[in-house]
2 protein chains.
Amino acid sequence: MTHQDWRETLRTRGYRLTPQRELILNAVDTLGHATPDEVLAEVRTHSDAVNVSTVYRTLEVLEELGLVRHAHLSDRAPTYHSVRDHEHFHLVCRNCRTVISVEPDVIEPLTSRLDADYSFTVDVGHLTVFGTCQECTG
Amino acid sequence: MTHQDWRETLRTRGYRLTPQRELILNAVDTLGHATPDEVLAEVRTHSDAVNVSTVYRTLEVLEELGLVRHAHLSDRAPTYHSVRDHEHFHLVCRNCRTVISVEPDVIEPLTSRLDADYSFTVDVGHLTVFGTCQECTG
DNA sequence: TTCCATGCAAACACTTTGCACCGTG
DNA sequence: CACGGTGCAAAGTGTTTGCATGGAA
């Protein structure tokens, strides 16, 4: 999924192009990993005219279209990130909340094992692995 | 962590033994994987006198003591399970919501890789891997 | 008798929904 | 100019907190 064709992605799937959708997609891009609330805040630095419910509805649409994904990086609100670049999953340090993005190949042994033993297909992009990072291991 | 010494675990850590705590711990045992709400419902089949806030506060205490653990098996409320038996992690089918418990050895290749490459120590018991199960792959 | 634990109710954080209006296609 | 998208406000879900009371130690 590349940057330039998001307009077409919306159009071909019967969705309308609205300024709100563009603002929200750009906000997700800019922020990296952001909760709906943070997305709203970012959008509002460019334009006041976006409502919370629009943010939720739009993030849902964008995820359905494969333009963004969400993961649960805390016990609270989910965070959304762009799927411009390649798929990745996340490590989150329980202690310092640091988020590390990891390439899918690192988890390949697990996914093939789960496929073989359980016929289970892992959704790598949604995966969050909690634990303790180097600095916090002490 | 075995069943019989939970009383001592509480006592030695300075916590009091209350009927509510026993009821809640038993409910978690009985249910397997349960949200705070479900725990409350189970408790109330035995005794009316437990409040929601007590359930939340008690689950927090029990987790701190290592008697229960929680994982996020849905995008909504977390689920708590007993840590009687050995540690495990969960596979959750996005489609049919089926939960599969998996032995830690299956994920060992990943944990050692993350340890080696990122000095990251995985909290296996908290891990939830979302994806698609055999029946829903078709 | 001392505090920790509980109940209760209110507040809080996050998300969803119904409906009237707006604006893209 | 039709219908999908948005704003708004209200309601829904899940969780936390302050404070007075209760009971374990």
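Any value given below was found using the heavy atoms of this structure, including those in side chains, with hydrogens, waters and symmetry copies removed. First the proteins, then the strands, lettered A, B, ... as listed; each starts at 1.
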Requested in this report: Quick one: pull up OG1 in A:T9 and CG in A:D5 and give me the separation to the nearest 0.5 Å.
Outcome: 4.5 Å
Report summary line: Judged by nearest nucleotide, the residue sitting upstream toward the 5' end of DNA chain D, B:R76 or A:N51, is A:N51
Query raised in the report: Does B:R76 pair with B:D37 as a salt bridge, N-O distance under 4.0 Å?
Result: no
Query raised in the report: How would you give the extent of chain B contacts on DNA chain C, as first and last nucleotide 5' to 3' within a 4.0 Å heavy-atom cut-off?
Result: C:dC3 to C:dT16
**Report entry** Under 3.5 Å donor-acceptor, A:R7 side chain and A:L17 backbone
**Finding:** no
Query - Side-chain (B:E38) to main-chain (B:T35) donor-acceptor, under 3.5 angstrom - result: yes
Query raised in the report: For D:dG23, does either OP1 or OP2 sit under 4.0 Å from a side-chain N or O belonging to B:Q20?
Result: no
Report summary line: Per nearest nucleotide of DNA chain D, the residue lying toward the 5' end, B:D37 or B:R11, is B:D37
Query - Atom-pair distance (CG on A:D48; C1' on D:dG7), nearest Å - result: 14 Å
Query raised in the report: Which sits closer to the 5' end of DNA chain C, B:V55 or B:R16, going by the nucleotide each is nearest to?
Result: B:R16
Query raised in the report: Any chance CD of A:E60 has more than 12 other-residue heavy atoms, nucleotides or ligands included, within less than 6.0 Å?
Result: no
Report task. Indicate, with a heavy-atom threshold strictly under 4.0 Å, whether B:P78 touches base, sugar-phosphate, or nothing. Result -> sugar-phosphate
Query raised in the report: Can you say whether the rings of B:H81 and B:H88 are parallel (under 30°), tilted (30 to 60°) or perpendicular (over 60°)?
Result: tilted
Query raised in the report: Are B:Y56 and D:dT16 close enough that a side-chain N or O sits under 4.0 Å from OP1 or OP2?
Result: no
Requested in this report: Give one of base, sugar-phosphate or nothing for B:T35, where a contact means two heavy atoms less than 4.0 Å apart.
Outcome: nothing
Query raised in the report: Hey, is the side chain of A:T58 poking within less than 4.0 Å of OP1 or OP2 on D:dG5, counting only N and O atoms?
Result: no
Report task. Report which part of the nucleic acid A:R57 touches: base, sugar-phosphate, or nothing (heavy-atom distance under 4.0 Å, all strands). Result -> base
Query - Closest nucleotide among D:dA9, D:dG4, D:dA24 to the A:S53 side chain - result: D:dA9
